[in-house]
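What follows is a set of notes on a single structure, which appears directly below.
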Amino acid sequence: MSKAITSQNTDYSKWYNDIVINANLADHSAVRGCMVIKPYGYAIWEKMQQTLDKMFKETGHVNAYFPLFVPKSLFEAEEKNAEGFAKECAIVTHYRLKTNPNEKGKLMVDPEAKLEEELIVRPTSEAIIWNTYKGWIQSYRDLPILVNQWANVVRWEMRTRLFLRTAEFLWQEGHTAHATKEEAIIETKKMLDVYANFVENWMAMPVVKGVKSANERFAGAEDTYTIEAMMQDGKALQAGTSHFLGQNFAKAFDVKFLTKENNLELVWATSWGVSTRLMGALIMSHSDDKGLVIPPKLAPIQVVIVPIHKGAEGLTKISNIVLPLKEKLEQKNITVKFDDDDAQRPGWKFAEYELKGVPVRIAIGERDLANGTVEIARRDELTKEIVSINELDIYIENLLINIQQNLLEKAKKRMTHFTTKVDSYQDFKKTLDEKGGFVLAHWDGTSETEEKIKEETKATIRCIPLNNTPEKGLCVYSGKESTQRVLFARAY
RNA sequence: CGGGGUGUAGCGUAGCCCGGUAUCGCGCCACAUUUGGGAUGUGGAGGUCGUCAGUUCGAAUCUGGCCACCCCGACCA
C-alpha cells in the first residue's frame with residue numbers, strides 16, 4: 001500500500017506524476033527542469049525508437065549525427081527560426097574552469113577562457129544542418145538528402161513536467177533537402193502519415209492530422225503539419241510535427257543546386273520530429289488509477305507469469321510447467337517475465353505489474369496444476385479468466401492483439417466523445433469549461449481572432465484538419481464569413 | 001520569470017509557534033511461520049532534519065541567501 005496513486009478525479013496532474021514516479025519511468029534530477037529516464041521508462045522509449053527508426057529507413061531515410069552546439073552566427077542566420085527560439089536557449093560562453101583562489105576546493109569560471117563566439121546549445125538543428133548541407137549539395141544529382149538524427153535538444157522552459165516538457169529532451173529530427181517544392185511537400189505529408197501510423201497502430205492513440213495556423217506554426221516554416229491527440233482529461237496534445245520549410249533555410253545558408261537544365265536554384269526543405277513527449281501522451285491516453293497501461297506493441301514486458309506455490313518443491317512443480325510455456329511464447333516473439341522471486345507474495349506482484357502496465361498476467365498455482373489451467377488477467381479491462389494451458393501460446397498471442405485493438409477502440413471512442421461542433425461563442429466557452437476536448441468551430445482565418453480567443457478561453461487552434469469538408473459558416477468570435485471549421489482545444 | 005506552498009531515514013509523516021541532536025507507519029536486513037489480490041511475529045540496521053551562512057552556551061525549531069519540487073499566471077514540443 002506504500003505506492004498509493006492519486007486518483008484521476010482527485011487531481012489529474014498529481015495522478016500523472018504519481019504514475020511516472022511509481023511505475024519507475026522517470027525521476028526528477030539534480031538539474032533544474034531535467035529528468036532521469038529510468039530503465040523501465042527508457043525501455044518503452046527504445047521500443048518507440050526502434051519502431052520509428054525502422055519506419056524512417058523503410059521510407060528511404062538514413063541516420064546521421066550533428067553537433068550539440070551551434071555557433072551564434074549560424075543560429076541567427078534564419079531570422080524567424082532564431083527569433084522563435086531565442087527566448088529559450090542555453091548559451092555556452094566559456095570553455096574552462098579554474099580553482100577558486102578565494103575558496104578552497106571550489107571551482108570558478110576562468111574569465112580568461114571566454115569564447116570568441118558564443119555557442120548555442122541546439123533547441124533544434126536546422127541551422128547547423130543546413131550550414132552542413134551547403135557543402136553536400138551542388139547538383140540535382142545530390143538530391144534528395146533524406147537524413148534523420150536521434151539526439152537531445154535543450155529548450156529552457158519556464159515550467160517543466162516529466163516527459164511533457166523538460167529543459168532537455170530526447171527526440172528525432174528529420175531534415176530533408178529536395179529539388180522541387182512538390183517533392184518537399186510530399187515528403188512533409190509522408191512523414192506526417194508515418195507519425196500518424198505509428199501513434200495509432202503502436203501507441204493505440206487516434207490522432208487528427210492537420211495544418212497549424214500561422215500563430216502555431218514552427219518558426220521558420222512555411223507550413224507546419226501536426227498530429228493532435230486527445231488525453232483522458234479532455235486536453236489536446238501535439239504528438240508530432242512535420243514542417244514544410246520552403247526555401248527559407250536554403251536562402252539563409254545559400255544552398256543552391258544546378259538543375260539538369262544547368263540553372264542555379266535554391267533547395268527545398270522539410271523537417272519533422274517526435275520526442276520523449278510521446279511517453280507523456282502514452283501515459284495520459286490509457287492509464288488508470290491502478291497505474292500505467294501500456295499497449296502490447298510497446299510493452300517492455302508483454303506477459304508476466306506469477307507462480308503461486310507452497311515451499312520450494314511447489315515452485316519446482318510450477319516451474320516445470322512454466323519454463324516450457326515461456327519458451328513457446330518467446331518463440332512467438334512475445335516478451336515474457338517469469339517472476340519466481342520468493343521475496344514477494346502473489347498479491348503484491350499482481351499490484352506491482354498492474355502499476356507497471358504489463359498487458360497480460362498469467363497466474364499459476366496448485367489448483368491450476370491439477371486442472372491443467374492458468375488464470376489470465378488482462379490489464380486493459382482488469383478482467384480475469386481461467387484458460388486451459390493447452391495452446392496457451394496461441395491464446396496469448398491473440399489476446400495481445402485483442403488488447404492492442406481494444407485500447408485503440410477505447411481511445412477512439414474518447415476522441416469522438418471529446419469532439420464537439422459548436423456554432424456560437426457562448427457554446428464554445430461552455431463546451432470548453434464543462435466538457436473539454438476538441439471544439440470544431442468556424443473561424444474567420446485571422447490571427448487577431450485566434451489571439452483573442454486564446455486570451456479569453458485559453459483554447460488554441462490545434463489544427464485545420466486535413467480531411468475537412470468545406471462548409472460555409474460564420475466565425476464564432478467575429479461573425480465574419482468562414483469556409484470551414486477548425487479544431488480548437490486547451491492543450492498541453 | 002512573478003504570486004502562493006512544500007522540503008525531517010528509500011517513501012509518507014510527527015516535532016517547529018514556546019530552541020536542549022528526533023516520533024510513527026510503510027519499506028529494508030535476519031530468522032520463523034506463510035503464499036489464489038499489496039502476509040504475520042520476533043529481533044535489527046538506517047537520519048550532518050534540502051543546502052549554505054547568521055543569531056545562540058546550544059538550532060529540525062529563530063533570521064537571511066541559495067537549490068529543488070508542487071499549484072496558479074506568462075512561454076512552449
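Convention: sequence-line order gives letters A, B, ...; per-chain numbering from 1.
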Below 3.5 Å is the cut-off: list the nitrogen or oxygen pairs between protein and nucleotides 39-42 of chain B, distance only.
{"unit_1": "B:rA39", "atom_1": "OP2", "unit_2": "A:R345", "atom_2": "NH1", "d": "2.8"}
{"unit_1": "B:rA39", "atom_1": "O4'", "unit_2": "A:R345", "atom_2": "NH1", "d": "3.3"}
{"unit_1": "B:rA39", "atom_1": "N9", "unit_2": "A:R345", "atom_2": "NE", "d": "3.4"}

Output a table of nitrogen or oxygen pairs between the protein and nucleotides 5-7 of chain B separated by less than 3.5 Å.
none

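The six-membered or imidazole ring of A:Y477 lies away from that of A:F488, with a centre-to-centre distance of 6.0 Å or more.
One side chain, A:S125 or A:Q149, offers a donor N or O that lies under 3.5 Å from an acceptor on the other. With no hydrogens or angles considered, a side-chain donor-acceptor pair links A:Y353 and A:D339 at under 3.5 Å.
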Just the dot-bracket of RNA chain B, please: which string comes out with Watson-Crick or G-U pairs under 3.5 Å, [ ] for crossing, | for another strand? ((((((((.[[[..)....(...]]].((((((.....)))))).....[[[[[..)....]]]]])))))))....
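Using a 4.0 Å heavy-atom criterion, one finds that A:E157 contacts the bases of the nucleic acid, with or without backbone contacts as well. Residue A:G314 is out of contact with every strand shown, counting any heavy-atom pair closer than 4.0 Å.
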Report, as a single string ordered 5' to 3', how protein heavy atoms within less than 4.0 Å touch nucleotides 66-73 of chain B: B base, S sugar-phosphate only, - not at all. --SSSSBB
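At the phosphate of B:rC75, neither OP1 nor OP2 sits under 4.0 Å from any side-chain N or O atom of A:K87.
Sorted by residue number, the list of members of residues 213-234 of chain A with any non-hydrogen atom under 4.0 Å from RNA chain B is empty.
A donor-acceptor contact under 3.5 Å is formed by the side chain of A:E354 with the base of B:rG37.
Qualifying side chain to side chain donor-acceptor pair (under 3.5 Å) partners for A:T449, counting only residues two or more places apart in sequence or in other chains: A:D444, A:T446.
In this structure, A:R361 forms a cation-pi arrangement with A:F350, its terminal cationic atom sitting closer than 6.0 Å to the ring centre and no more than 45° off the ring axis.
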